[in-house]
Amino acid sequence: MAKSVIVAIDGPAGAGKSTVARSVANRLGYLYIDSGAMYRAVALWAIQNQVPLDDLHRLEQLARQAHIEFPDGRVLLNGADVTAAIREAEIGEAASKVAACGGVRRAMREEQRRIAASQSAVMEGRDIGTVVFPDAQVKIYLDADPAERARRRAAETGLSPEHVARQISERDHRDRTRAEAPLAQAPDAEYLDTSGLTPQQVEEAILKLVRKRTSN
Ligand code: DC
């Protein structure tokens, strides 16, 4: 049997990871895993259960009990469909806080490795190429200039670009400076600046890299 392939796509908020990771996975016939959705689901659950976002012990307990699945593009948390609820801006903010908890990260990391253990996958996040799959065959660090990233998120959410710019700059700062598995480019990751590129161009660049790295 052919060895399974991991394509790790990391980068800050609004760099275009989800759109291209999903289409690259479709084109390759690989599983698509949005690791950010997993942190968002834990954050949503913590809020629903009134668990303070700095209660590390209870957050880890919640994360260990969270059963997260991705059937046909949806996100299920212990069987409940949370696809739309986790996309709220305040859940993104809460996810970034919850993701600073080492216990939550350990639980999510184990789950991410389990999901991709037996099949090829495109996984996007902040620490996929650095920590979750340091041996991934293909690693990409997607970036774009901050104004462009804010514009993209504003178009998705309907909020003002200025407001979104402040939100994502705070979130990126937290994600980059946390002690455990901070957002960083793996030394062997390909840096790709998506400012001014269409999703199709980014997709082609990634597919080219996958072909290069997976052909002997
Ligand atoms: O990709 P996203 O915006 O849905 O991620 C939400 C938050 O989850 C992000 O601010 C940081 C956290 N996250 C993380 O710490 N590690 C990952 N691999 C993915 C997301």
Side-chain angles (χ1 to χ4, degrees), residues 6-22 24-25 31-47 53 56 59-60 62-63 66 68 70 73-75 77 82-116 121-134 136 139-144 146 149-150 152-157 159 164-186 189 194:
I6 301 289
V7 179
I9 304 183
D10 292 304
K17 299 187 299 293
S18 299
T19 314
V20 296
R22 189 180 285 109
V24 165
L31 198 64
Y32 162 62
I33 301 151
D34 172 1
S35 68
M38 300 172 76
Y39 290 96
R40 284 172 181 263
V42 173
L44 176 72
W45 208 24
I47 290 170
L53 301 183
L56 303 185
L59 284 178
E60 176 168 4
L62 275 189
I68 302 162
F70 296 98
R74 290 174 306 135
V75 184
L77 168 65
V82 295
T83 317
I86 60 167
R87 292 296 149 205
E88 297 293 329
E90 82 238 40
I91 301 298
E93 180 74 18
S96 167
K97 290 181 183 158
V98 159
C101 168
V104 171
R105 299 206 73 79
R106 274 191 296 283
M108 293 299 104
R109 193 158 66 224
E110 285 166 23
E111 213 29 40
Q112 288 150 9
R113 287 180 180 154
R114 190 190 58 74
I115 297 172
V122 178
M123 193 175 295
E124 56 137 318
R126 303 293 188 287
D127 62 338
I128 309 305
T130 50
V131 177
V132 183
F133 289 108
K139 297 185 188 180
I140 294 129
Y141 188 87
L142 277 196
D143 205 355
R149 294 195 282 117
R152 289 176 187 168
R153 274 286 150 101
E156 279 165 24
T157 58
L159 298 167
V164 176
R166 271 195 304 280
Q167 265 183 352
I168 64 179
S169 114
E170 261 175 49
R171 193 138 77 83
D172 288 345
H173 178 73
R174 193 182 301 112
D175 295 343
R176 283 197 172 101
T177 56
R178 68 178 172 229
E180 191 135 348
L183 166 63
Q185 183 184 346
T194 68

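Since the model is a prediction, treat every value here as computed from it, not as a measurement. Heads up: numbering here begins at 1 and tracks the sequence. Both counts, for ligands and for their atoms, begin at 1 and track the order of listing.
Within the 4.5 Å cutoff, side-chain heavy atoms of R109 are placed close to those of V131. Using a 4.5 Å heavy-atom cutoff, the side chains of Y141 and L183 are in contact.
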Check the pair K139, F133 against side-chain contact (heavy atoms from CB on, under 4.5 Å), reporting the backbone distance first and the verdict last. CA-CA 9 Å; K139 297 185 188 180; F133 289 108; over 6 Å; no
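With sequence neighbours excluded, no residue satisfies side chain to side chain donor-acceptor pair (under 3.5 Å) with Q185.
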Distance-only donor-acceptor hits, side chain of residues 6-21, under 3.5 Å, sequence neighbours excluded:
from : atom 1 : to   : atom 2 : distance (Å)
D10  : OD1    : R126 : N      : 3.1
D10  : OD1    : D127 : N      : 3.1
D10  : OD1    : I128 : N      : 2.9
D10  : OD2    : I128 : N      : 3.2
D10  : OD2    : G129 : N      : 2.7
K17  : NZ     : G11  : O      : 3.0
K17  : NZ     : P12  : O      : 2.9
S18  : OG     : E124 : OE2    : 2.8

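Sorted by first and then second residue, the salt bridge (Lys or Arg N to Asp or Glu O under 4.0 Å) pairs with a member in residues 90-104 read E93-R174; sequence neighbours excluded.
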Anything under 3.5 Å between an N or O on ligand 1 and a protein N or O? List each pair with its distance, or write none.
from     : atom 1 : to   : atom 2 : distance (Å)
ligand 1 : 1 (O)  : R126 : NH1    : 2.9
ligand 1 : 1 (O)  : R126 : NH2    : 3.4
ligand 1 : 3 (O)  : R40  : NH2    : 3.2
ligand 1 : 3 (O)  : R126 : NH2    : 3.3
ligand 1 : 3 (O)  : R171 : NH1    : 3.1
ligand 1 : 4 (O)  : R40  : NE     : 2.6
ligand 1 : 4 (O)  : R40  : NH2    : 3.4
ligand 1 : 10 (O) : R171 : NH1    : 2.6
ligand 1 : 10 (O) : D175 : OD2    : 2.7
ligand 1 : 15 (O) : R105 : NH1    : 2.8
ligand 1 : 15 (O) : R105 : NH2    : 3.4
ligand 1 : 15 (O) : R178 : NH1    : 2.8
ligand 1 : 15 (O) : R178 : NH2    : 3.0
ligand 1 : 16 (N) : R105 : NH2    : 3.0
ligand 1 : 18 (N) : S35  : OG     : 2.9
ligand 1 : 18 (N) : R126 : N      : 3.0
ligand 1 : 18 (N) : D127 : OD1    : 2.8

